[in-house]
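Everything below concerns the one structure shown next.
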2 protein chains.
Amino acid sequence: MEKRAYKDAVYGQLADVTKALANPRRLEIVDLLAQGEFAVEDIARETGLSVANASQHLQVLKGVQLVSATRDGHYLRYRLANPDVYAAWQLLRTYGLTRQASIARVVQDFRTQRDVLETLTIDELLVKLDGEGVVLLDVRPTEEYRQGHLPRAVSMPLDELLDRLGELPRAGLIVAYCRGPFCVFADEAVQQLRQRGYPAVRLEEGFPDWQHRQLPVETV
Amino acid sequence: MEKRAYKDAVYGQLADVTKALANPRRLEIVDLLAQGEFAVEDIARETGLSVANASQHLQVLKGVQLVSATRDGHYLRYRLANPDVYAAWQLLRTYGLTRQASIARVVQDFRTQRDVLETLTIDELLVKLDGEGVVLLDVRPTEEYRQGHLPRAVSMPLDELLDRLGELPRAGLIVAYCRGPFCVFADEAVQQLRQRGYPAVRLEEGFPDWQHRQLPVETV
DNA sequence: CGTTTATTCAATAACTTTATTGAATAATTG
DNA sequence: CAATTATTCAATAAAGTTATTGAATAAACG
């Protein structure tokens, strides 16, 4: 094989993998699949895509082994093919937030509108968890909490929050977390809690970041 | 800002960064720029692109801050914008080689044709360097050796190799390295040396991987 | 200060990617 | 085994990407 043909083959195939990731919808799907397993119709609903379109995107990701699927009754459950895929997404995400001012600004603006001024990183949370008076709030959908959550976290999906305020302390600190830095569940939870005088902040990262760091995980 | 618009903005901008990388030529350029700084015409020559086309690709990479450039006399010297860019390329490369059987096969076939059967990783090289009788051969162009190379490595660009065989030992081990796993300089050097009875193997990784691991680097 | 020269721009045609339909498929379950 | 149902396929139009040309630009240097 000639040198040029060799390089074309190698860089071409690597570009194929990269191309599978180079689409806003597919990045959103990867970010979602970091939470666990989802059927095509769940993915379609969560991302606002049609089922056929979501399926098409999943085929592209599957074609380069970024996701895999197994059948479960009537459903095909899709998941990230391996932890490297999450590492790649995390690297891209960090790159965007630290090196692309425009992305950091969009996130900042969104949170400022909701008075989410302060956030906690996982490292900062770990220090606070040593003390008392921290309540961890998992505001993702129940099914995602069920597939895995932070130790001692209380499951309180966003649509239940206002009905269950009684369970929350008015002193101390409430730390809400969700899927990751671009997930809005925690932002909205913090907004609603702070408006009602509860001491709430959001965790900057999400459950998959906790898991990826090999920190202890509870399943129901 | 509405939730959907927010997500579209965030994932869209991250996809823009990914799209800049999602092209065989631009990946090849990133792989090349990992060696150091290059003018547009050098990049065009090394990749077989026209100067205008290389410039266009560089604009795309520059547009998302993956590369940067400064003027040096008549030339604009391009380089990777920061070490994260190399980390991303390295992750993609490793993913391709370990998870995409087709890429590993292309590399394997190319090397088998050249009787490059055995390779050494950096970790394996570090062990061998403790002992005696290992000659390190940098077979990249002189200018890249000049910008940085492994300690005690001898510069012997491929086109000088056959004229300078006298400088090499017939016993012990010759370890040839170049730009990285997809660079063919070391494969060709090993082929030529072994055909003439010299005990040569190639280093699996390249100079940028050594550098990225914070191992000591010499500059002339 | 005009000439040289590396780089970029602009226009274009070929090709690829995308979302949208509505129909087809294939596995499950009663 | 037939009905159900989640998923995929196929066709299509719109939008985006790419390499090629040849001209334009802008910085450097004598």
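No experiment lies behind these values; they were computed from the predicted model shown. Naming convention: chains lettered A, B, ... in sequence-line order (proteins, then strands); numbering from 1 in each chain.
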side-chain contact (heavy atoms from CB on, under 4.5 Å) partners for A/Gln90, two or more places apart = A/Tyr86, A/Arg93, A/Asp209, A/His212

task = Report the residues that fulfil side-chain hydrogen bond (donor to acceptor under 3.5 Å, both in side chains) with A/Thr119, sequence neighbours left out, ordered by chain and then residue number.
result = A/Glu204

ask   = Within 45° of the axis and under 6.0 Å from the centre of the six-membered ring of B/Phe182, does NZ or CZ of B/Arg179 qualify?
value = no

inquiry  = Using OP1 and OP2 only, check whether a side-chain N or O of B/Ser55 sits under 4.0 Å from C/dT7.
reply    = no

message = Using a strict heavy-atom distance below 4.0 Å, which residues from residues 27-37 of chain A are in contact with DNA chain C?
response = none

When you compare the protein's N or O atoms with those of nucleotides 25-30 of chain D, which come within less than 3.5 Å of each other, and at what distance?
none

Please write out each protein N/O paired with an N/O of nucleotides 14-21 of chain C under 3.5 Å, distance rounded to 0.1 Å.
{"unit_1": "C/dT18", "atom_1": "OP1", "unit_2": "A/Asn23", "atom_2": "ND2", "d": "2.7"}
{"unit_1": "C/dT18", "atom_1": "OP1", "unit_2": "A/Arg26", "atom_2": "NH2", "d": "3.4"}
{"unit_1": "C/dT18", "atom_1": "OP2", "unit_2": "A/Arg26", "atom_2": "NH1", "d": "3.3"}
{"unit_1": "C/dT18", "atom_1": "OP2", "unit_2": "A/Arg26", "atom_2": "NH2", "d": "3.3"}
{"unit_1": "C/dA19", "atom_1": "OP2", "unit_2": "A/Asn53", "atom_2": "ND2", "d": "3.4"}
{"unit_1": "C/dA19", "atom_1": "OP2", "unit_2": "A/His57", "atom_2": "NE2", "d": "2.6"}
{"unit_1": "C/dA19", "atom_1": "N7", "unit_2": "A/Gln56", "atom_2": "NE2", "d": "3.3"}
{"unit_1": "C/dT20", "atom_1": "O4", "unit_2": "A/Gln56", "atom_2": "OE1", "d": "3.1"}

key: Summary of salt bridge (Lys or Arg N to Asp or Glu O under 4.0 Å) pairs that have at least one residue in residues 80-91 of chain A, sequence neighbours excluded   = A/Asp84-B/Arg99

key: For B/Val60, all residues meeting side-chain contact (heavy atoms from CB on, under 4.5 Å), sequence neighbours excluded   = B/Ala20, B/Arg26

message = Let me check the geometry of the helix from C/dC1-D/dG30 to C/dG30-D/dC1. What is the bend angle between the axes at its two ends, five pairs each, to 10°?
response = 40°

Pairs flagged by salt bridge (Lys or Arg N to Asp or Glu O under 4.0 Å) wherever residues 146-156 of chain B is involved - sequence neighbours left out = B/Glu143-B/Arg146

Any A/Tyr75 side-chain nitrogen or oxygen under 4.0 Å from OP1 or OP2 of D/dT4 = no

query = So which pairs with a foot in residues 50-76 of chain A pass salt bridge (Lys or Arg N to Asp or Glu O under 4.0 Å), sequence neighbours left out?
reply = A/Asp72-A/Arg77

key: Counterpart residues, side-chain contact (heavy atoms from CB on, under 4.5 Å), relative to A/Leu215 (two or more places apart)   = A/Ile122, A/Leu126, A/Trp210, A/Arg213

request  = Could you list by number each residue of residues 62-70 of chain A showing a heavy-atom separation from DNA chain D of less than 4.0 Å, or answer none if no residue does?
outcome  = none

